[in-house]
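Order of the sequence lines sets the chain letters (A, B, ...), proteins ahead of strands, with each chain counted from 1.
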There are 2 protein chains.
Amino acid sequence: MRIGELGRAAGVDGETIRYYEKAGLLPPPARALNGYRAYGAAHLERLAFIRHCRALDVPLAEIRRLLDFVDRPDADCGDINRLIEAQLARVRARLKSMRALEKQLAALRSRCEAGHVAAECGILHELVAAAHGEACACHASAPDSAAGGREAKRR
Amino acid sequence: MRIGELGRAAGVDGETIRYYEKAGLLPPPARALNGYRAYGAAHLERLAFIRHCRALDVPLAEIRRLLDFVDRPDADCGDINRLIEAQLARVRARLKSMRALEKQLAALRSRCEAGHVAAECGILHELVAAAHGEACACHASAPDSAAGGREAKRR
DNA sequence: GAAAACCCTGTAGCCGCTCCAGGGTCAAGC
DNA sequence: GCTTGACCCTGGAGCGGCTACAGGGTTTTC
């Protein structure tokens with residue numbers, strides 16, 4: 001099948017499929033005489049796997065590692081446990097900071113009644129005051145803000 | 001004060017401060033004779049405000065709008081309510097999908113006992129099966145994946 | 001035989017930074 | 001006077017995970 005068909009079957013945009021190919025997640029398919037990519041059932045399966053992992057918010061680099069296990073079924077899979085564990089830890093950390101965030105925002109929301117002018121806006125006042133560190137719970141537990149990644153690469 | 005001092009005072013990297021200036025969030029400061037940026041107390045206050053909003057995960061574009069209100073204290077602040085409301089809605093949507101995600105991952109984690117080989121790995125099997133759509137709760141409520149932004153701009 | 005739908009490659013854009021190259025400046029210590 | 005190190009400058013590239021577009025070619029449908 002061609003890229004559009006594959007995309008519809010897996011619920012993925014064609015450009016994204018080409019991106020996965022470039023990123024080394026999908027093997028380059030055969031080409032028809034006109035140069036069009038020609039996919040088979042195996043590609044659909046692999047693509048569905050990738051999408052499912054992405055739905056679990058697993059980064060592409062880890063999906064690549066998972067696919068390695070799929071490709072080498074006799075490898076030891078102890079790492080898979082660790083990988084899932086790490087992903088779970090990431091998600092839980094993010095959840096925790098987001099719950100704190102929600103509280104902050106919910107508290108803010110009720111501080112401004114309609115019809116005001118910015119100078120008297122409770123929300124704005126609260127934000128400015130909080131920025132000074134008064135009564136501010138969220139500086140302590142800020143959201144992870146990109147959370148690591150990328151140490152010691154390049155060059 | 002110079003950029004390093006400001007950065008230390010606000011807990012922000014100097015490069016980030018220059019980035020905020022380029023992005024139009026911090027007004028360009030005066031310059032010393034040697035070309036060094038020279039900041040005053042107002043800059044520190046504004047920077048602290050920005051960081052506080054970022055801690056609330058408010059996107060820079062919205063912080064820019066909030067700063068407009070700070071700068072024009074006589075403007076109507078009805079929009080601020082809507083802005084906070086929108087941010088809260090974003091956070092809650094993301095929370096919801098992340099809770100589903102956590103469940104999925106936690107369920108996965110117990111599927112593989114150590115010492116296995118990839119071909120028999122419960123996690124891998126589960127992922128592959130789920131990708132086929134069998135017993136998969138997470139396709140229905142996938143994480144927001146970049147969540148919008150960017151419609152109808154450029155050109 | 002023209003229009004619409006599809007495909008190709010390659011490149012640039014989004015966010016919010018972070019890092020680097022390749023310079024200049026300035027204070028302290030020898 | 002000279003080195004060392006800390007700081008500062010500009011401009012540009014990089015991250016992840018796509019998405020969009022320019023500028024072409026092909027295939028299908030009317």
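The stretch residues 58-67 of chain A comes close to DNA chain D through A/Pro59, A/Leu60, each having a heavy atom under 4.0 Å from the strand. Scanning residues 29-42 of chain B for heavy-atom distances under 4.0 Å to DNA chain C yields B/Asn34, B/Tyr36.
The closest side-chain heavy-atom distance from B/Tyr36 to B/Ile3 is not below 4.5 Å. Within the 4.5 Å cutoff, the side chain of B/Arg51 has heavy atoms near those of the B/Val12 side chain.
A close approach under 4.0 Å does occur between a side-chain nitrogen or oxygen of B/Thr16 and OP1 or OP2 of C/dT18.
Side-chain proximity of A/Glu15 to D/dC18, D/dC21, C/dC19: nearest is D/dC21. Counting only heavy atoms from C-beta on, B/Asp13 has its side chain closest to C/dT18 among D/dC18, C/dT18, D/dC9. Listed nucleotides D/dT10, D/dC18, C/dC17 differ in distance to B/Arg51; the shortest reach to its side chain belongs to C/dC17.
A donor-acceptor pair is defined here as one N or O able to donate and one able to accept, closer than 3.5 Å; no such pair exists between the side chain of B/Arg92 and the backbone of B/Lys96. Between the side chain of A/Arg46 and the backbone N or O of A/Leu67, no donor-acceptor pair lies under 3.5 Å. With hydrogens and angles disregarded, no donor-acceptor distance shorter than 3.5 Å links the side chain of B/Glu85 to the backbone of B/Ile80. A donor-acceptor contact shorter than 3.5 Å links the side chain of B/Arg64 to the backbone of B/Ala23.
Scored by the ring-ring contact (aromatic ring centres under 6.0 Å, His included) test, A/Phe69 finds no partners at all (sequence neighbours excluded). Take B/Tyr20 and apply the ring-ring contact (aromatic ring centres under 6.0 Å, His included) test, not counting sequence neighbours, and it matches no residue.
Atom pair B/Arg18:CZ and D/dG12:P shows a separation of 15 Å (rounding to whole Å applied). For the pair B/Ile17 CD1 and C/dG16 C1', the interatomic distance rounds to 15 Å; values are reported in whole Å. The CG atom of A/Asp57 sits 12 Å away from the C1' atom of D/dG16 (whole-angstrom rounding). The interatomic distance linking A/Tyr20 (OH) with D/dT19 (C1') rounds to 12 Å, in whole Å. Here D/dC18 presents its C1' atom at 14 Å from CG of A/Leu47, a figure rounded to the nearest Å. One atom, CZ of B/Arg54, and another, C1' of C/dC17, lie 9 Å apart when rounded to the nearest Å. Between A/Tyr19 atom OH and D/dG16 atom P the separation is 7 Å, expressed in whole Å. As rounded to whole Å, 14 Å separates atom C1' of C/dA5 from atom CD of A/Glu5.
Within the 4.0 angstrom heavy-atom criterion, base atoms lie near A/Lys22.
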Which atom pairs link the protein and nucleotides 28-30 of chain D when you take only N or O atoms and keep those under 3.5 Å?
none

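A/Asp57 and B/Arg94 are joined by a salt bridge, as a carboxylate oxygen and a charged side-chain nitrogen come within less than 4.0 angstrom of each other. A/Arg90 and A/Glu62 are joined by a salt bridge, as a carboxylate oxygen and a charged side-chain nitrogen come within less than 4.0 angstrom of each other.
Identified under the salt bridge (charged side-chain N to carboxylate O under 4.0 Å, His left out) test for residues 10-22 of chain B, with sequence neighbours left out: B/Glu21-B/Arg37.
What you find for A/His43 and A/Pro27 is that their closest heavy atoms are NE2-O, 3.4 Å.
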